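Predicted model only: the values in this text are computed from it and were never measured. Throughout, protein chains are lettered first and strands after them, A, B, ... in sequence-line order, and every chain is numbered starting at 1. Computation of the quantities below employed the complete heavy-atom set of this structure, encompassing side-chain atoms and omitting hydrogens, waters and symmetry-equivalent molecules.
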2 protein chains.
Amino acid sequence: MDTNSGITYAKDCPSRTVLSVLANKWSLYVLGVLSGNDRPLRFTELRRHIEGVTQKSLTQALRNLERDGLVSRTIHPTIPPRVEYRLTDLGREAGTLTTAIADWSKTNAARVHAARAAYDARLADDRA
Amino acid sequence: MDTNSGITYAKDCPSRTVLSVLANKWSLYVLGVLSGNDRPLRFTELRRHIEGVTQKSLTQALRNLERDGLVSRTIHPTIPPRVEYRLTDLGREAGTLTTAIADWSKTNAARVHAARAAYDARLADDRA
DNA sequence: CAGAATCCTTAGTGATACTG
DNA sequence: CAGTATCACTAAGGATTCTG
């Protein structure tokens with residue numbers, strides 16, 4: 001009997017595997033960008049929209065998302081090659097959620113940064 | 001002029017600083033657990049609810065969340081010491097969003113795992 | 001263009017021991 | 001109890017080079 005009605009995240013909880021993909025810096029951005037565009041995007045386009053991501057990290061994020069069925073990858077065997085990424089239905093659902101987080105982050109960034117500055121100031125005081 | 005109406009995540013975008021905290025494995029769980037309980041939780045309680053987290057990682061996650069004003073930390077100067085963690089108003093908002101993600105992960109874990117298995121099987125085929 | 005492969009640096013994680 | 005401190009280790013990330 002647990003008197004606590006709250007949530008417990010067990011090690012083998014299947015949701016944790018899913019969360020590990022979503023709780024990733026670049027995955028969040030990829031979902032965000034693809035959600036914001038209804039047309040499929042090419043690799044370099046995607047990369048242009050996510051400043052600071054390296055080709056390696058973006059490739060990896062896209063592979064993980066593809067693997068989990070959130071993103072589909074279409075290769076057009078032309079020269080030069082053309083690869084397009086789009087959200088699957090599953091990905092669109094997830095995108096809605098992660099976009100909500102991104103939006104919240106944007107509108108509350110000031111509050112968070114203020115809290116952070118105050119915290120850091122307090123720390124500096126304590127050290128002095 | 002950009003013909004693309006989509007989102008771009010600039011390097012200096014303030015939301016990215018916020019996202020870096022939320023896009024963290026343990027932070028998500030902490031917010032989830034604290035959202036699920038309306039009473040404040042102690043360190044070890046929190047840890048019991050998040051299987052597999054080390055004391056170091058949990059401490060770090062809690063510090064980051066406290067720093068960003070999402071979690072408040074109350075020290076009761078008793079012996080033995082008693083430290084309680086609770087969500088701030090800001091944290092409660094964020095918790096709603098991250099809990100939505102956790103819930104989605106839980107209900108869709110099967111679909112994701114199926115996609116993953118299919119992907120891995122295809123890979124194995126290609127290698128053969 | 002869209003990557004794969006390589007090397008290298010650093011950040012994250014775990015285990016252990018110690019403290020107010 | 002709720003941490004801090006330290007060391008060892010692994011995994012993630014960056015820079016660069018190469019290829020169909």
Reckon [X] has a side-chain N or O less than 4.0 Å from the OP1 or OP2 of [N]?
X       : N     : answer
A:Arg42 : C:dA2 : yes
A:Arg73 : C:dG3 : yes
A:Thr78 : C:dC1 : no

Nucleotide [N], atom [atom2] - distance to [atom1] of [X] in whole Å:
X        : N      : atom1 : atom2 : result
A:Glu84  : C:dA2  : CD    : P     : 9 Å
A:Ile75  : C:dA4  : CD1   : C1'   : 14 Å
B:Leu62  : D:dA2  : CG    : P     : 11 Å
A:Tyr85  : C:dA2  : OH    : C1'   : 7 Å
B:Leu123 : C:dA4  : CG    : P     : 11 Å
A:Arg63  : C:dA2  : CZ    : C1'   : 9 Å
B:Ile79  : C:dT19 : CD1   : C1'   : 13 Å
B:Leu58  : D:dC1  : CG    : P     : 14 Å

Quiz prompt | Verify same cluster id: A:Ile75, A:Leu70 (apolar side-chain graph, 4.5 Å) | solution = yes
Quiz prompt | Stepwise side-chain contact (heavy atoms from CB on, under 4.5 Å) check, B:Val71 with B:Tyr85 | solution = CA-CA 7 Å; B:Val71 160; B:Tyr85 295 92; 3.9 Å; yes
Exercise. Sugar-phosphate means primed atoms, P, OP1 and OP2; the rest is base. With that split, encode nucleotides 14-20 of chain D 5' to 3' as B, S or - using protein heavy atoms under 4.0 Å.
Key: BB----B
Exercise. Assign B:Arg47 to base, sugar-phosphate, or nothing according to its heavy-atom contacts below 4.0 angstrom with the strands shown.
Key: nothing
Practice problem: Could you go through the side-chain contact (heavy atoms from CB on, under 4.5 Å) check for A:Ser20 and A:Asn24 one step at a time? | Solution: CA-CA 7 Å; A:Ser20 68; A:Asn24 175 276; over 6 Å; no
Quiz prompt | Approximate separation, where rounding is to 0.5 Å, of B:Arg67 CZ and B:Arg73 CZ | solution = 15.0 Å
Quiz item: If you round to the nearest 0.5 Å, how far is OG1 of A:Thr44 from CZ of A:Arg82?
Solution: 9.0 Å
Quiz prompt | First encountered from the 5' end of DNA chain D, between B:Arg82 and A:Asn24 | solution = B:Arg82
Quiz item: Mind checking whether A:Val21 and B:Val112 have side chains closer than 4.5 Å, heavy atoms only?
Solution: no
Quiz item: So do A:Leu22 and A:Leu31 actually touch side chain to side chain, heavy atoms under 4.5 Å?
Solution: yes
